[in-house]
Asks: 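Sharing a structure here in structure tokens format.
Everything numeric in this text was worked out from a predicted model, so none of it was measured.
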Amino acid sequence: MRESRKRTPARRTPPKRKQAEGVPSTEEYVRKLPRERLVEIVLEQVRENGLLARALQEEILERHGAASDLIEDIRELVQSTTDTKAKFDRRGFAEPVDYAPLYSAFKRLLNEKKYQELLQLGPLLARGSQYHMETSASDLEPQYTISEAIGCVVQALVKADWPNPDKIVYAVRLVVEDDYCACEKAEEFLNRRWAKRDWKRAAEMLRELTSEHPEAKDARERLDRWIGIAERKGQ
């Protein structure tokens with residue numbers, strides 16, 4: 001016998017409210033509002049809606065002048081994105097925070113060869129995004145987008161006119177900050193061939209960073225691991 005199923009009653013669409021004669025519709029009303037009032041309404045929505053705020057920031061970045069004039073705007077975008085308050089569900093997981101505008105900004109800086117600016121922002125992103133990756137309900141976001149943004153930073157590191165030991169230390173600092181494998185491209189960068197003298201100098205510089213990371217913490221364990229690697233490869 002077929003299992004009987006209860007039929008779900010069809011939802012009834014509530015009847016549209018009849019427009020009172022002579023009263024404009026919402027669209028008509030908004031279209032006739034003074035510019036100052038429209039700006040007030042939009043700014044109020046921007047303040048209350050983080051997604052809208054970041055979308056507008058991305059639009060600003062696309063339409064503004066040269067990327068060199070935008071470094072502070074992009075820095076603020078990094079800050080506002082990483083500072084976004086997580087919204088939790090009943091299970092204790094948070095809605096993924098949208099890092100796409102930030103990735104677009106990083107990609108633009110890379111395309112315009114603003115390598116130093118990207119290298120300034122990389123550690124801010126790596127450090128500031130950890131909480132969102134920890135609490136996210138998604139297995140893919142925001143880790144994937146953050147990883148792509150860090151990829152832009154690593155490409156800038158490759159192009160930067162820095163001594164090799166400085167490049168090694170920079171990449172290690174990204175990896176040390178990362179609990180969720182978003183900085184794998186920085187680790188891939190470290191797996192390149194480097195001269196023994198570069199590793200030896202990098203080991204000396206990395207030892208100076210131990211005071212920044214308390215013992216018995218994951219970041220300190222990763223740092224100690226890379227100090228050991230640098231020392232071995234520098235022999």
Asks: With a 4.5 Å cut-off on side-chain heavy atoms, are L121 and V153 touching?
Replies: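 Not in contact.
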Asks: Under 3.5 Å, is there a donor-acceptor pair between the side chain of T210 and the main chain of L206?
Replies: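 No: the side chain of T210 does not pair with the backbone of L206.
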Asks: Below 30° counts as parallel, above 60° as perpendicular, anything between as tilted: where do the rings of W226 and W199 land?
Replies: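 Parallel.
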Asks: Atom CD in Q155, atom CG in N111: separation rounded to 0.5 Å?
Replies: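 So the gap between those two atoms works out to 9.0 Å.
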Asks: With the threshold set at 4.0 Å, does a side-chain nitrogen-carboxylate oxygen contact exist between R31 and E27?
Replies: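 The answer is yes: the pair qualifies as a salt bridge.
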Asks: Can a donor-acceptor pair be found, under 3.5 Å and without considering hydrogens, that links the side chain of T145 to the backbone of A100?
Replies: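 Not confirmed, T145 side chain does not pair with A100 backbone.
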Asks: Keeping D198 on the side-chain end and R201 on the backbone end, is there a donor-acceptor pair under 3.5 Å?
Replies: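 It does not hold such a pair.
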Asks: Mark yes or no for whether T81, through its side chain, and V78, through its backbone, hold a donor-acceptor pair below 3.5 Å.
Replies: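 The answer is no, because no donor-acceptor pair under 3.5 Å joins these two groups.
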Asks: Between R220 and H213 (side chain of the first, backbone of the second, donor and acceptor by atom type, cut-off under 3.5 Å), is there such a pair?
Replies: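 Answer holds: yes.
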Asks: Hey, what do you get for CD (E148) to OH (Y103), rounding to the nearest 0.5 Å?
Replies: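 That separation rounds to 5.0 Å.
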Asks: Working to the nearest 0.5 Å, report the span between CG of D179 and NZ of K217.
Replies: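 Separation between the atoms: 11.0 Å.
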Asks: Among side-chain atoms of S147 and Q143, is any donor-acceptor pair under 3.5 angstrom?
Replies: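 There is no such pair (donor and acceptor under 3.5 Å, judged by atom type) between the side chains of S147 and Q143.
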